[in-house]
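Structure record follows, encoded as structure tokens.
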Number of protein chains: 2
Amino acid sequence: MSIEDKQRLQRNDRVTIRTVAKHAGVSVAAVSKVMRNAYGVSEGLRAKVTDAIEELGYRPSRAARGLRGRSFTIGVLLIDIRNPFLPEVIAGVNGVLAPSHYQAMIGVSDARVQLETSLIESMIDYKMDGLILVAPRLPSEIIAKLASEIPIVAVGYHDAGATAFDTVNADDQRGAEIAVEALLACGYRDIEMLSLGEREGHQVSVVRQREIGFRRAMQRAGLGSSASISKIPIAPPKREETMRKFLSRKNRPRAVFCWSDLDAITLLSLAMEMGVRVPEDLAVIGYDNSSTAALGLVNLASIDQSGRELGQVATRTLITRIEGRTSAEHIFQIPSLVSRGSLIRSSNAKGA
Amino acid sequence: MSIEDKQRLQRNDRVTIRTVAKHAGVSVAAVSKVMRNAYGVSEGLRAKVTDAIEELGYRPSRAARGLRGRSFTIGVLLIDIRNPFLPEVIAGVNGVLAPSHYQAMIGVSDARVQLETSLIESMIDYKMDGLILVAPRLPSEIIAKLASEIPIVAVGYHDAGATAFDTVNADDQRGAEIAVEALLACGYRDIEMLSLGEREGHQVSVVRQREIGFRRAMQRAGLGSSASISKIPIAPPKREETMRKFLSRKNRPRAVFCWSDLDAITLLSLAMEMGVRVPEDLAVIGYDNSSTAALGLVNLASIDQSGRELGQVATRTLITRIEGRTSAEHIFQIPSLVSRGSLIRSSNAKGA
DNA sequence: CACAGAATGTAGAACGTTCTCCATATAACG
DNA sequence: CGTTATATGGAGAACGTTCTACATTCTGTG
């Protein structure tokens with residue numbers, strides 16, 4: 001390392017591609033070629049350059065990269081970071097990305113659609129190479145328009161007709177059917193679904209899909225007429241209130257399918273408080289198989305859609321699109337039942 | 001809007017600062033000045049430019065901005081996204097940032113220190129304006145070195161001697177004392193702490209601080225000699241095993257203070273399975289006051305360190321440093337007790 | 001009315017990459 | 001040996017901002 005180089009390091013000046021080029025005695029273009037392992041690089045050149053990079057501890061500037069070409073970053077957009085389902089998705093994404101030279105940057109949008117759009121735009125403005133949107137609330141046309149600027153994969157967004165972007169989903173209709181079938185198998189006929197309040201529900205959302213599956217399974221069992229769905233508001237004060245009202249209803253059903261573990265677990269807690277025994281008085285099944293559901297204290301049966309797998313698949317799909325695919329892909333996964341104590345007193349089911 | 005402009009929009013060409021300048025009939029520099037609301041802009045000019053921006057829907061490229069000046073992005077580094085404490089911190093950060101022109105990008109590092117460093121470097125390479133590190137596992141010197149390249153605030157990292165970066169913490173020593181005092185007030189004398197396995201524990205970590213507080217409070221109560229701490233491994237198979245062993249010990253203490261709700265809740269679950277009654281046989285108090293602890297089913301007393309507030313304070317601190325402060329700040333917050341059923345049978349304490 | 005000083009606007013050089021040509025050296029072939 | 005193809009390396013123009021230095025136009029003041 002030359003004296004000049006050492007001074008540079010001490011001065012804390014940035015080591016740029018130019019520093020590396022000078023140090024290796026080659027051109028800037030040559031270094032760039034090696035970095036991107038582009039065509040037309042001899043072994044000798046490659047060695048010189050990689051040595052120089054190593055020695056100087058050079059890291060390319062992502063900002064500059066983004067300005068010209070790929071930034072090797074993919075953006076992940078989350079709504080509502082509180083849902084225990086999301087960490088799994090992230091883990092899946094990171095798992096696939098780890099061995100590659102890509103990295104994930106996560107943006108968290110709270111409830112407002114406004115923020116959601118501006119966060120996506122920011123990611124585009126950063127010249128990220130692709131986006132994974134998890135449970136976006138945006139209308140399909142808007143996503144399609146954004147997709148003309150950047151490759152997009154939507155997770156938890158049912159729009160199998162989309163041509164501009166890909167979707168990766170668990171089969172939420174089927175998941176709901178499985179839940180109902182499990183309740184039926186335990187002998188319950190009087191089954192109700194606890195779903196999410198109106199506000200959130202465009203047809204493409206997972207919640208609406210689960211409602212469809214619920215209705216279909218009930219119909220199939222000849223219970224179509226009694227298949228009722230209650231909507232639970234998402235915000236704290238009204239939410240518990242509505243659940244309490246549900247629990248104290250005289251015509252309370254024998255079994256309930258909750259659209260999400262989040263609601264199911266709160267329901268279990270309120271039931272305990274109010275002296276409603278689970279599963280003797282009320283059987284409960286949730287959705288997501290979150291880690292809390294698995295706790296012995298909670299012991300909630302749930303539908304498992306592996307978030308980790310969803311994240312992995314979404315990432316792989318995104319990468320193929322970044323690397324050139326133009327036709328849309330719409331991938332489904334089949335969820336599975338995890339039976340636990342909230343379903344039935346003593347059964348052959350696994351779980352404590 | 002000129003015909004040329006419309007064509008550009010249709011072709012989906014990026015609207016750049018140059019487009020805006022041409023459309024407003026001013027120079028590029030003028031537009032830039034307006035954007036940054038720099039000195040030397042007349043009302044007339046500002047109006048022309050903002051109109052043009054509005055009309056063309058111009059958004060500055062973050063990539064290009066990062067290359068030259070500020071990127072108006074702050075990076076948040078999380079380890080272990082599964083901890084229910086973290087979403088609160090994020091919410092706090094986003095809350096403070098929302099009205100500003102800054103945005104947060106989150107990076108999630110799993111257990112490996114290697115990834116942690118490379119993620120931070122990436123954020124530097126993106127020319128982010130500042131970093132919030134949550135519970136970093138890096139040694140102080142490394143953080144200090146990174147801090148020479150970018151403003152850094154560490155949350156959950158006790159290093160009040162650091163001069164190169166700021167820290168924001170709940171007073172974990174005091175929190176542990178409060179926990180012990182609560183147990184003492186209930187009449188328990190035989191108290192043990194369940195802490196985290198060796199691996200994680202540099203002196204600066206919150207865990208070690210809680211241990212110190214635990215010892216001090218016990219000492220103060222004249223129980224210094226019997227103040228023992230058990231370490232629970234972090235990984236799944238050994239973790240439960242160690243807890244079970246603890247629960248079936250013949251000299252099991254009367255009360256236990258867990259370093260985190262995460263462990264406390266698992267402990268409650270195992271206790272139920274094994275027929276150890278809480279709080280009759282064993283009183284439990286946790287740390288973090290996570291949303292799960294508040295569930296009626298769980299009903300775990302816990303120490304509350306408002307993650308949201310921590311996130312807010314960290315963000316405000318970071319911004320002042322970005323805007324020029326050079327002296328280090330080390331901020332403490334006092335945690336508080338949230339009493340619940342895991343503490344004592346029937347008391348005046350709030351909670352179900 | 002002359003002139004200093006403030007206010008306003010602009011040119012143009014960075015910033016650190018990528019990537020499209022080109023130029024040259026070497027190999028292959030008749 | 002001449003000609004063409006191929007392999008290798010380099011020059012230099014983008015990319016979309018920021019920001020310094022400068023030119024011009026307005027004030028106000030003596």
Side-chain angles (χ1 to χ4, degrees), chain A residues 8 13-50 52-53 56-73 101 121-122 124-129 149-150, chain B residues 8 12-50 52-53 56-73 101 121-122 124-129 149:
Chain A
R8 177 188 306 277
D13 273 7
R14 174 142 201 133
V15 176
T16 77
I17 200 174
R18 237 170 295 269
T19 326
V20 176
K22 205 169 294 176
H23 188 263
V26 299
S27 76
V28 167
V31 178
S32 177
K33 273 188 179 177
V34 171
M35 297 290 305
R36 300 173 283 134
N37 44 63
Y39 173 83
V41 179
S42 69
E43 260 326 299
L45 180 69
R46 175 179 304 279
K48 271 193 291 187
V49 170
T50 49
I53 288 176
L56 295 170
Y58 165 69
R59 304 189 316 258
S61 152
R62 297 215 171 215
R65 274 193 155 167
L67 194 51
R68 202 67 192 23
R70 310 240 65 80
S71 67
F72 293 102
T73 304
H101 42 299
E121 285 174 346
S122 265
I124 293 175
D125 298 344
Y126 252 125
K127 274 274 182 65
M128 291 189 174
D129 297 341
E149 299 193 58
I150 187 171
Chain B
R8 180 188 304 279
N12 220 329
D13 274 8
R14 177 144 198 131
V15 175
T16 77
I17 199 173
R18 235 170 297 269
T19 325
V20 175
K22 205 169 294 175
H23 188 262
V26 300
S27 75
V28 167
V31 178
S32 176
K33 270 189 177 177
V34 172
M35 297 291 305
R36 300 173 282 132
N37 46 65
Y39 174 81
V41 179
S42 69
E43 261 326 299
L45 181 71
R46 174 178 304 280
K48 272 193 288 185
V49 170
T50 49
I53 288 176
L56 296 171
Y58 166 69
R59 306 189 314 257
S61 152
R62 297 216 170 212
R65 272 193 157 168
L67 193 51
R68 202 68 192 23
R70 312 239 63 81
S71 67
F72 292 103
T73 305
H101 42 297
E121 285 174 346
S122 265
I124 294 175
D125 298 344
Y126 252 125
K127 274 275 182 65
M128 292 188 172
D129 297 341
E149 301 193 57

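Protein chains get the first letters and strands the later ones, always in sequence-line order, with residue 1 at the start of each.
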For this session: State the CD1-CZ distance between A/Ile53 and A/Arg46, to the nearest 0.5 angstrom.
Result: 9.5 Å

Problem set entry | Members of residues 30-40 of chain B that approach DNA chain D, where some heavy atom sits under 4.0 Å away | B/Ser32, B/Arg36

Problem set entry | Sugar-phosphate only, base, or nothing, as touched by B/Arg18 at under 4.0 Å among non-hydrogen atoms | base

Exercise. Could you state the CD1-C1' distance from A/Ile17 to D/dA11, rounded to the nearest angstrom?
Worked result: 14 Å

Problem set entry | Residue-phosphate contact under 4.0 Å: B/Arg65 side-chain N/O, D/dT18 OP1/OP2 | yes

For this session: Kindly point out which of C/dT10, D/dA11, C/dG16 is positioned nearest to the side chain of A/Thr16?
Result: C/dG16

For this session: Consider only side-chain N and O atoms of B/Arg36 and B/Ser32, and report whether a donor and an acceptor are under 3.5 Å apart.
Result: yes

For this session: Measure the spacing between CG of A/Leu67 and CZ of A/Arg62 and express it to the nearest 0.5 Å.
Result: 15.5 Å

Exercise. Taking for each residue the nucleotide of DNA chain D with the nearest heavy atom, is it B/Phe72 or A/Gly25 whose nucleotide lies nearer the 5' end?
Worked result: A/Gly25

For this session: Please report, rounded to the nearest Å, how far the C1' atom of C/dT17 is from the CZ atom of A/Arg14.
Result: 11 Å

Exercise. For C/dT17, does OP1 or OP2 lie under 4.0 Å from any side-chain N or O of A/Tyr58?
Worked result: yes

For this session: Can you tell me the distance, in whole Å, between the NZ atom of A/Lys48 and the C1' atom of D/dG10?
Result: 12 Å

Problem set entry | Contact under 4.0 Å: B/Ser27 side-chain N or O vs C/dT10 OP1/OP2 | yes

For this session: Go through D/dG16, C/dT17, D/dT8 for me and flag the one nearest to the A/Leu67 side chain.
Result: D/dG16

Exercise. Quick one: does B/Lys33's side chain get under 4.5 Å of B/Val49's, heavy atoms only?
Worked result: no

Exercise. Per the atom types in the model, does the base of D/dT18 pair as donor or acceptor with the side chain of B/Arg68 at under 3.5 Å?
Worked result: yes

Exercise. Within the pair A/Ser61 and C/dC15, is there a side-chain N or O less than 4.0 Å away from OP1 or OP2?
Worked result: no

For this session: Check every strand shown and say whether A/Arg59 touches a base, only sugar-phosphate, or nothing at a heavy-atom separation below 4.0 Å.
Result: sugar-phosphate

For this session: Check the angle between the aromatic planes of A/His101 and A/Phe72 and answer parallel, tilted or perpendicular using the 30° and 60° thresholds.
Result: tilted

Problem set entry | Nucleotide C/dT18, atom P - distance to CG of A/Asp129 in whole Å | 12 Å

